[in-house]
Amino acid sequence: MLLSAGAGAATMIGTDRREEPEHEGSEPMSGASWARIGAIVGAVAVIAGTFGAHGLKGKVEPADLETFEVGVRYQMDHAIALIAVGLLAMRVGPTRGLSAAGWLFLIGAIVFPGSLYLLVLAGGTADWLGMIAPIGGSAFIAGWFVLASSLRTDRGRSPSDSGAMAGAGAWAGQERREG
């Protein structure tokens, strides 16, 4: 590390420090990160589903098994939603809206099915866990609204100016035409 004096101020040369972003808060998470998280959440859903089908069948009441399966279904659905957030962020670039939707889906994918799994595994001794599930469900709902809002193209730019729309035609197999 070297020190250099320039314009009356000492600066470090040879360090790998990047400038802090001009805005406060953290940067949006990358699309690849969201896709990886979605894949992990999906894998956990498959493990939970397998456990429910083979480990719980015959050991819990049918209604409890159905409750467990609802948790698995919502977890897998939102694993796919997380992967979609990742793919969108890879295509249009990470945005705060996509990251917010991803975080809400992730929170929901932990809290909603997790509370249902624990409710079933506790065997009726922790009914209060049923009151936790709506928190996860609310996170899911908020995530969908945030995702819808983040995909709007009428925020002061024409669709042709939007990176989101530039890639949309390519996804549909259409070429983007200039002019």
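All of these numbers come straight from a predicted model, not from anything done at the bench.
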Side-chain donor-acceptor distances from residues 124-143 under 3.5 Å, at least two apart:
residue : atom : partner : partner atom : Å
Thr125  : OG1  : Ala122  : O            : 2.7
Ser138  : OG   : Pro134  : O            : 2.8

Can you tell me how far apart CD (Glu27) and OG (Ser99) are? Round to the nearest 0.5 Å.
9.5 Å
Side-chain heavy atoms nearer than 4.5 Å, only ILVMFWY residues, links allowed to pass through others: does that put Ile110 and Val72 together?
no
Ignoring hydrogens, what is the shortest heavy-atom contact between Ala79 and Gly38? Give both atom names and the distance.
CB-O, 3.3 Å
Between atom CE of Met90 and atom CD1 of Ile83, what is the distance when rounded to the nearest 0.5 Å?
9.5 Å
Cluster link Met29 to Leu104, ILVMFWY, side chain under 4.5 Å
no
Please report the shortest heavy-atom distance between Ala45 and Gln75, naming the atom on each side.
N-NE2, 3.7 Å
When you measure from the side chain of Ser149 to the backbone N and O of Phe145, does any donor-acceptor pair fall under 3.5 Å?
no
Do you know which two heavy atoms are closest between Pro113 and Gly108, and how far apart they sit?
CD-O, 3.2 Å
Can you hop from Tyr117 to Tyr74 via hydrophobic side chains spaced under 4.5 Å?
no
Same apolar cluster: Ile80 and Phe105, side chain cutoff 4.5 Å
no
Trp34 side chain near Leu98 side chain, heavy-atom distance below 4.5 Å
no
Taking atom OG of Ser30 and atom CZ of Arg36, what is their separation to the nearest 0.5 Å?
6.0 Å
Looking at every non-hydrogen atom in both residues, tell me the closest pair between Gly31 and Ala89 and how far apart they are.
CA-CB, 3.5 Å
Report the C-alpha separation of His78 and Leu106 in whole Å, then their side-chain angles, then the decisive distance to 0.1 Å, and conclude whether the side-chain contact (heavy atoms from CB on, under 4.5 Å) test is met.
CA-CA 8 Å; His78 288 85; Leu106 181 58; over 6 Å; no
Minimum heavy-atom separation for Ala100 to Val146, with atom names?
CB-CG1, 3.8 Å
Could you list the donor-acceptor pairs under 3.5 angstrom formed between side-chain atoms of residues 63-70 and any protein atom two or more places apart in sequence or on another chain?
residue : atom : partner : partner atom : Å
Thr67   : OG1  : Ala63   : O            : 3.1

Please answer: with hydrophobic residues joined when any side-chain heavy atoms are less than 4.5 Å apart, are Val85 and Val41 in the same cluster?
yes
If you define the side chain from C-beta out and look only at heavy atoms, does anything of Leu88 sit under 4.5 Å from Leu147?
yes
